Amino acid sequence: MWANLKAALLAYWQRFLSRQHPAQAGRLIIRHQRLYILPSVYGVGYGLVALTMLVGALNYQLSLGFFFCFLLLGIAHAILLRSYANLLGMAISAGEAQAVFAGEDALFPILLHNDKTQPRLGITLQLGQGEPVQCALLAGQSHQQLLLPLATRQRGWLSLPRFTIASSAPLGLFRCWTYAEVTSQVLVYPQPEENPPPLPVGGQQGDGQQLVAAGQDDFAGLRSFQRGDALHDIAWKQSARSNELLIRQYQSPQSEQLWLSLSALTQLPLEGRLSRLCAWAMQAHAAGRSYGLKLGSQQIPPGHGHAHLHQCLRALAEYAG
């Protein structure tokens, strides 16, 4: 009974938030109708002290007691207005999130814009019961980016859910908060298999074309330095111009093309096959191999490089079966 009542109240609360705080693309400006404010634990204690002083002043007819009581109430009222103004008028937008693998935390860039000259203090962003992210100081006429983490569990497109923006500044007597839902998505790749078997030997036969794989024959381009690379492969001139260590890559022609095919992995469930193909694609990329991907009727021709790897991983993430 209690579980059903709790579920019903939670569903009603979610519908209320959806009506009052719908998802919005672009900039979201915090208006007064979106803000909520309540005393914090310290604020309740502060109010009890003021109430006790008021009761004592009424009982003993102490003018000085009335003075200090109303002084405390006036200070609390000023703090309440300042806490409310700390969030009022602030603008929020979402940046582009980088793709991650399932099981990792997706980092959504949230931009806080302060168009006023007065600084804003102690702004906190939080997703559900997750770890809060705080902006200690947002100077006037400026903006600041915060990375809001969200745990990922499955592949595909993941939307940024509704999150809380709160502040207890100044003095922490009141907590002012609102809910925001800005349009933002991140692509979640399949989780790579931890210990995958070696790459298929040659894969399927090509159509009379040659596979260009890692070797020592022809120069194939440059890539970033990785631990374990030989020093004689460093391209010193290009590294000096780019301020990054670059490694020369070479290729050798082979008679077969490497195809990573979903239909060839019949012994695994769908998610297991996608995880293995993801791990193989990363292995082939690290080795400088040229590889293609076959997912049912979808076919990505053999290639190499970061753009090709992203194309293959995206196809794996979006595969519907």
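Source: prediction; values computed, not measured.
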Closer than 3.5 angstrom, by distance alone: can the side chain of [X] be matched with the main-chain N or O of [Y] as a donor-acceptor pair?
| X | Y | answer |
| --- | --- | --- |
| Tyr46 | Leu72 | yes |
| Ser275 | Gln191 | yes |
| Arg175 | Ile37 | no |
| Thr117 | Gly140 | no |
| Gln126 | Gly130 | yes |
| Asn114 | His143 | no |
| Arg273 | Ser263 | no |
| Trp280 | Pro197 | yes |
| Gln141 | Asp115 | yes |

Side-chain touch [X]/[Y], heavy atoms, less than 4.5 angstrom:
| X | Y | value |
| --- | --- | --- |
| Tyr179 | Arg34 | no |
| Pro119 | Leu137 | yes |
| Leu277 | Leu295 | yes |
| Val133 | Thr124 | no |
| Pro161 | Leu150 | yes |
| Phe66 | Leu54 | yes |
| Ile79 | Arg82 | no |
| Ile92 | Leu111 | no |

Are [X] and [Y] joined in one hydrophobic group, where the rule is that I, L, V, M, F, W and Y side chains link up if heavy atoms are under 4.5 Å apart?
| X | Y | value |
| --- | --- | --- |
| Leu160 | Val186 | yes |
| Ile75 | Phe67 | yes |
| Phe101 | Leu107 | no |
| Phe174 | Val44 | no |
| Ile300 | Leu260 | yes |

Any idea which heavy atoms bring [X] and [Y] closest together, and the distance?
| X | Y | result |
| --- | --- | --- |
| Ser184 | Gly95 | OG-O, 3.6 Å |
| Leu35 | Cys176 | CD2-SG, 3.9 Å |
| Leu309 | Ala281 | CD1-O, 3.8 Å |
| Ala57 | Gly65 | CB-C, 3.8 Å |
| Pro149 | Leu127 | O-CD1, 3.5 Å |
| Met90 | Arg120 | N-NH2, 3.6 Å |

List the steps, then state whether side-chain contact (heavy atoms from CB on, under 4.5 Å) holds for Leu112 with Ile110. CA-CA 7 Å; Leu112 306 180; Ile110 304 298; 4.3 Å; yes

Are more than 12 heavy atoms from other residues, nucleotides or ligands located less than 6.0 Å from atom [atom1] of [X]?
| X | atom1 | result |
| --- | --- | --- |
| Gln154 | CD | no |
| Glu194 | CD | no |
| Gln134 | CD | yes |

Roughly how far, to the nearest 0.5 Å, is the [atom2] atom of [Y] from the [atom1] atom of [X]?
| X | Y | atom1 | atom2 | value |
| --- | --- | --- | --- | --- |
| Leu293 | Leu316 | CG | CG | 5.0 Å |
| Leu262 | Arg276 | CG | CZ | 12.0 Å |
| Tyr36 | Trp177 | OH | CH2 | 8.5 Å |
| Cys278 | Leu313 | SG | CG | 5.0 Å |
| Leu64 | Cys69 | CG | SG | 11.5 Å |
| Leu73 | Leu51 | CG | CG | 9.0 Å |

Which pairs would a plain distance check flag for residues 163-171, meaning a side-chain donor or acceptor within less than 3.5 Å of a matching protein atom at least two apart in sequence or in another chain?
residue: Ser167; atom: OG; partner: Asn86; partner atom: ND2; Å: 2.7
residue: Ser167; atom: OG; partner: Leu121; partner atom: O; Å: 3.3
residue: Ser167; atom: OG; partner: Gly122; partner atom: O; Å: 3.4
residue: Ser167; atom: OG; partner: Ala169; partner atom: N; Å: 3.3

Any Lys/Arg nitrogen of Glu318 or Arg155 sitting under 4.0 Å from an Asp/Glu carboxylate oxygen of the other? no

Could you walk me through whether Thr152 and Asp105 pass side-chain contact (heavy atoms from CB on, under 4.5 Å), step by step? CA-CA 6 Å; Thr152 61; Asp105 285 345; over 6 Å; no

For residues Arg289 and His304, is any side-chain donor paired with an opposing acceptor at under 3.5 Å? no

Ring centres of Tyr291 and His308 under 6.0 Å apart?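 So the answer is yes for these two rings.
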
For Glu104, which residues count as a side chain to side chain donor-acceptor pair (under 3.5 Å) partner, sequence neighbours excluded?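 Listed in chain order: nothing, the list is empty.
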
side-chain contact (heavy atoms from CB on, under 4.5 Å) assessment of Trp157 paired with Leu187: CA-CA 5 Å; Trp157 286 99; Leu187 182 61; 3.7 Å; yes

Set out, in order, the CA-CA distance, both residues' side-chain angles and the distance that settles side-chain contact (heavy atoms from CB on, under 4.5 Å) for Ile123 and Leu146, then state yes or no. CA-CA 11 Å; Ile123 300 170; Leu146 299 179; 5.9 Å; no

